[in-house]
Amino acid sequence: MTNMLSGVGSAVMFWYSGYDPIWIGTFFATFTMPFFLMVLAGALGLSRTSKNLPVIQLINLAAVAFVAYSLFGRSGPSTTAEYASIGLALYGALSMQWYIHIFSNYKRTPSKAIVKGQALPELPLHRLDQTPVSSSEFTGDKTLLVFFRANWCPFCMNQLKDVKAQADRLGANGVQVKFISNQGFENSAKLAKDMDLPTHFEILQDEDLRAAKALGIEDMGGAPSGMPGYPNDTVMATVIALDEQGNVIFGDETDNYRRRPHPDTFLGVFETPSNVTAIAAE
């Protein structure tokens, strides 16, 4: 949010200063990250990225270098506006590095509850009509569990769309798909309406993250600020595949919320479960 406001402020200052080019650099240094998150990720349908976003970083750092070089040509900053421009540009660079190397990474340890060949602990969940349902009721069907953060996360939304795109393949193999979050019944009901899910897909509510905590995949305080109507706590993105007996045949516990497994990574376990070893996305 602060980067977005800084970018908007830079655009205003570009006009107010009589089109001083340093503000172009400040704009690209600060607005790169929110533009990537709020526009590009959604417009391009990104559900996975490279780990360090080299192109985004290059744009960001080139913009900072442009501001610094421009001010150096003027023998350094001498006005309040010039000091503000280099300060905001440096802030944009630092926040970009924070986002890539700290915010994006969960630093999670592998869950002791998600073990190939073993059943999951009991997961208390609710359907959108607020009736309770337990994970033990999934037994008898092959089941795909996709724990996602919330509607506000473009990478989550695109991941769910990726899975939905494989609906025919999943249905042909008798797989029931459960999209799970703690974002609230109203937000999930809106998502269900927007996605128009097939009958073998279902969105479930994880009240108070009880299921996530049973698996050790909760992300307390993990929601970004400025998301009214959503809880502050969320879940670390996780994909789990279960066989008809309820045993784990695949588990992906990504350590970076921007790096989700492609559906091809796990769909095969439902087709030839005896010949496929569960793997996690790098």
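Excluded from the calculations below are hydrogen atoms, water molecules and symmetry mates; all remaining heavy atoms, backbone and side chain alike, are included.
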Q) Are side-chain heavy atoms of L170 and V163 found at a separation under 4.5 Å? A) yes
Q) Heavy-atom distance under 4.5 Å between the side chains of S10 and T30, does that happen here? A) yes
Q: For residues A89 and T26, report the shortest heavy-atom separation together with the two atoms involved.
A: N-CG2, 4.1 Å
Q) Counting only heavy atoms not in E186, do more than 12 fall under 6.0 Å of its CD? A) no
Q: Rounded to the nearest 0.5 Å, what's the gap from CH2 on W152 to CG on N187? Could you check?
A: 11.5 Å
**Q.** Of all pairs that satisfy salt bridge (charged side-chain N to carboxylate O under 4.0 Å, His left out), the ones with a partner from residues 61-81, not counting sequence neighbours
**A.** D20-R74, R74-E82
Q) Among pairs that include at least one residue of residues 50-63, which meet side chain to side chain donor-acceptor pair (under 3.5 Å), considering only residues two or more places apart or in two chains? A) Q57-Q97
Q.
Is there a path of hydrophobic side-chain contacts, each under 4.5 Å between heavy atoms, that joins L5 and F14?
A. yes
Q: State, yes or no, whether a side-chain contact exists between N182 and D208 at a heavy-atom distance under 4.5 Å.
A: no
Q: Considering non-hydrogen atoms only, spot the tightest contact between M157 and A150 and give its length.
A: CE-O, 3.4 Å
Q. Can L94 be reached from L71 by stepping across I, L, V, M, F, W or Y side chains whose heavy atoms are under 4.5 Å apart?
A. no
(Q) So, taking the atom named CG in L267 and the one named CZ in F250, what distance separates them when rounded to the nearest 0.5 Å? (A) 9.5 Å
Please report, to 0.1 Å, the donor-acceptor pairs under 3.5 Å made by any side chain of residues 211-222, with sequence neighbours excluded.
none

Q) Applying the 4.5 Å side-chain criterion to the ILVMFWY set and letting contacts propagate, would V115 and V269 be lumped into a single cluster? A) no
Q. Are T49 and R258 linked by a side-chain donor-acceptor pair shorter than 3.5 Å?
A. yes
Q | Those residues that, when tested against F147, pass ring pair (Phe, Tyr, Trp, His ring centres under 6.0 Å) (two or more places apart) | A | none
**Q.** Shortest non-hydrogen contact from V175 toward F270
**A.** CG2-CG, 3.5 Å
Q) Heavy-atom count around F103 CZ within 6.0 Å, excluding the residue itself: above 12? A) yes
**Q.** Spacing of E207 atom CD and Q130 atom CD [to the nearest 0.5 Å]
**A.** 7.5 Å
Q) More than 12 foreign heavy atoms under 6.0 Å from NZ of K107: is that the case here? A) yes
Q: Please tell me if the side chains of V133 and E202 come closer than 4.5 Å, counting only heavy atoms from C-beta onward.
A: no
Q. Can you check whether L242 reaches S135 side chain to side chain, under 4.5 Å on heavy atoms?
A. no
Q. So do V248 and L120 actually touch side chain to side chain, heavy atoms under 4.5 Å?
A. yes
Q. Is the number of heavy atoms from other residues, nucleotides or ligands under 6.0 Å of N232 CG greater than 12?
A. no
Q) Can you find a heavy atom in the side chain of E253 that is under 4.5 Å from one in the side chain of Y106? A) no
Q. What's the spacing between L123 CG and R210 CZ if we round to 0.5 Å?
A. 11.0 Å
**Q.** Sequence neighbours excluded, every pair satisfying ring-ring contact (aromatic ring centres under 6.0 Å, His included) that has a member inside residues 169-194
**A.** F179-F201
(Q) Any heavy-atom pair between the side chains of I249 and F266 that's under 4.5 Å? (A) no
Q. If you round to the nearest 0.5 Å, how far is CD of Q205 from CG of L128?
A. 8.0 Å
Q. Which ring-ring contact (aromatic ring centres under 6.0 Å, His included) pairs, counting each pair once, include a residue from residues 52-75, with sequence neighbours left out?
A. none
Q: Could you check D162, D252, D264 and say which one makes a salt bridge (Lys or Arg N to Asp or Glu O under 4.0 Å) with R48?
A: D162
Q: Check whether Y91 and W23 end up in the same hydrophobic cluster, where Ile, Leu, Val, Met, Phe, Trp and Tyr are linked by side-chain heavy atoms less than 4.5 Å apart.
A: no
**Q.** T131/D129 under side chain to side chain donor-acceptor pair (under 3.5 Å): CA gap, chis, key distance, verdict
**A.** CA-CA 6 Å; T131 58; D129 62 5; 2.6 Å; yes
**Q.** F28 atom CZ, over 12 foreign heavy atoms within 6.0 Å
**A.** no
Q: Check P124 against D206 and note the closest heavy-atom contact, atom names and distance.
A: O-OD1, 4.0 Å
Q. Looking at L61 and A93, what are the two nearest heavy atoms and their distance?
A. CD2-CB, 4.4 Å
Q | Path from Y99 to V55 over hydrophobic side-chain contacts below 4.5 Å | A | yes
Q: Give, for atom NZ of K164 and atom CD of Q159, the distance between the pair rounded to the nearest 0.5 Å.
A: 15.0 Å
